[in-house]
Amino acid sequence: MSERIDLEARYCAQNYHPLPVVLTRAEGASVWDENGKKYLDMMSAYSAVSHGHGHDRLVELVREQVGRLNIVSRAFYTDKLGPFLEKACTLTGQDMALPMNTGAEAVETAIKAARKWAYTVKGVASDNAEIIACRGNFHGRTTTVVAMSDEPQYKEGFGPFPPGFRLVDYGDIGALEAAITGNTAAFLVEPIQGEGGIVVPPAGYLKAAAELCRERNVLFIADEIQTGLGRTGRMLACEHEDVHPDGLILGKALGGGILPVSMFLARREVMNVFRPGDHGSTFGGNPLAAAVGLEALTILVDDELPQRSATMGDYLMDQLRAIDSPLISEIRGRGLFIGVEIDPALCSARQVCEMLMQRGLLSKETHETVVRLAPPLIISQDEIDWAVTQIREVLAEIDETRLAS
Ligand SMILES: *Cc1c(COP(=O)(O)O)cnc(C)c1O
């Protein structure tokens, strides 16, 4: 085994189970390991690298900005934050934004905004606000955010958890309706559940949920940290159902594959609950991150990455559906956000990912049974063809070994 793997395993907390490959370089949709072997990245850092690795314009911009102004904190105004947030609001149809760094922080921000809105605008009695989330959700890893999770491993050993969350089945509009009370501040939902296994809800669900929330004076907050910014073939996944959320959470691709950049966006009435000192972040909205975020958004539009995701995603989906393998129990997704469900009785998704890695295709299993295919949105058709060939051959190989034994 590589010395670098040993070293990382010795000093790094064992909170991940990485595939045994040591990456040293990347460009576009490709990454290289320490031995110079090239891989196609079909993971793109859980969609943080939608622009591709080391996008020219972003690298150029970072070089220029790093030499000028990087971190000053929000104790001062900068020339970068306003233009960045203006662009984010314009592209998403929101009024105001609160910049943070990681996705979990932006989710925390949304929770605080929803609760304070419930107390100061809706009139919920203090400390009684409730937020409804969905079973199978993933919104991040802080103690408050995992309080919303129904994944035992995310919670075991980390309690006690804060109250104020309620779970309903994802895709079940009746369950949402039944769960709403006078104390409900918000419904927090992923338009497609990413870490939950690329789970697409029934058609019309988001639209019905948003309408229900409006009728009952509940905020509809979309966590588009993974589905947003072109991943599903539209700028926002909510657009597939013409849904305009009251609150929107972005992260991952917002940093252009260069830096952690996240934000919570909302209607003015919601964002106005924050007063100076209510909430903050030393690094949130720093000029380097703001410059990168603005350029990342501009590139999405200039290079028509959402459209590209739609076209290439349809193509990849068709090619995958043409694979005839008993190991595949379902293929689902939207745009370049696709999950291939492997029948766990026949083999594990981890085994598929390890065999793909040996052939130079990097992916990662989610929830033990799903192979995630979410490449940079700049992936070419040739690269997709090559990937599909590897997948077809690996599945055939596993099937032959299985039948032979
Ligand atoms: C990744 C993710 C998060 C958490 O983002 P971090 O940057 O890892 O904190 C939250 N919500 C969704 C839907 C995600 O996919």
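Note that ligands are numbered from 1 as they come in the structure, with each ligand's atoms numbered from 1 the same way. For clarity, every value in this text was computed on a predicted model and none was experimentally measured.
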K.L.:
Between Y154 and R141, is there a cation-pi geometry (under 6.0 Å to ring centre, at most 45° from the normal)?
P.N.:
yes
K.L.:
Out of L377, I378, L300, which residue meets the side-chain contact (heavy atoms from CB on, under 4.5 Å) rule with H51?
P.N.:
L300
K.L.:
Is any side-chain N of the basic residue among R372 and E195 closer than 4.0 Å to the acidic one's carboxylate O?
P.N.:
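Between E195 and R372 there is a salt bridge, with a charged N closer than 4.0 Å to a carboxylate O.
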K.L.:
Just going by heavy-atom distances, which of K252, Q226, R141 is nearest to atom 2 (C) of ligand 1?
P.N.:
K252
K.L.:
Report, in ascending order of atom number, the atoms of ligand 1 lying under 4.0 Å from any heavy atom of D223.
P.N.:
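Near D223, the atoms of ligand 1 are 10 (C), 11 (N), 12 (C), 13 (C).
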K.L.:
Mind checking whether E195 has a heavy atom under 4.0 Å from ligand 1?
P.N.:
no
K.L.:
Could you tell me whether atom 6 (P) of ligand 1 has at least one protein heavy atom nearer than 4.0 Å?
P.N.:
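Looking at atom 6 (P) of ligand 1, one finds that a protein heavy atom does lie closer than 4.0 Å.
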K.L.:
Is ligand 1 less than 4.0 angstrom away from at least one heavy atom of Y46?
P.N.:
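No, Y46 has no heavy atoms under 4.0 Å from ligand 1.
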K.L.:
Counting neighbours of CD on E269 that are heavy atoms of other residues, nucleotides or ligands and sit closer than 6.0 Å, is the number greater than 12?
P.N.:
yes
K.L.:
Rounded to the nearest 0.5 Å, what separation is found between the CG atom of L254 and the CD1 atom of I249?
P.N.:
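If we round to the nearest 0.5 Å, L254:CG and I249:CD1 are 12.5 Å apart.
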K.L.:
Evaluate the ring planes of F274 and H279, with Trp represented by its six-membered ring, and classify them as parallel (under 30°), tilted (30 to 60°) or perpendicular (over 60°).
P.N.:
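F274 vs H279 ring planes: parallel.
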K.L.:
Test your reading of the structure: does V107 have an N or O sitting under 3.5 Å from an N or O of ligand 1?
P.N.:
no
K.L.:
Give me the residue, atom name and distance of the protein heavy atom closest to atom 9 (O) of ligand 1.
P.N.:
A104 N, 2.8 Å
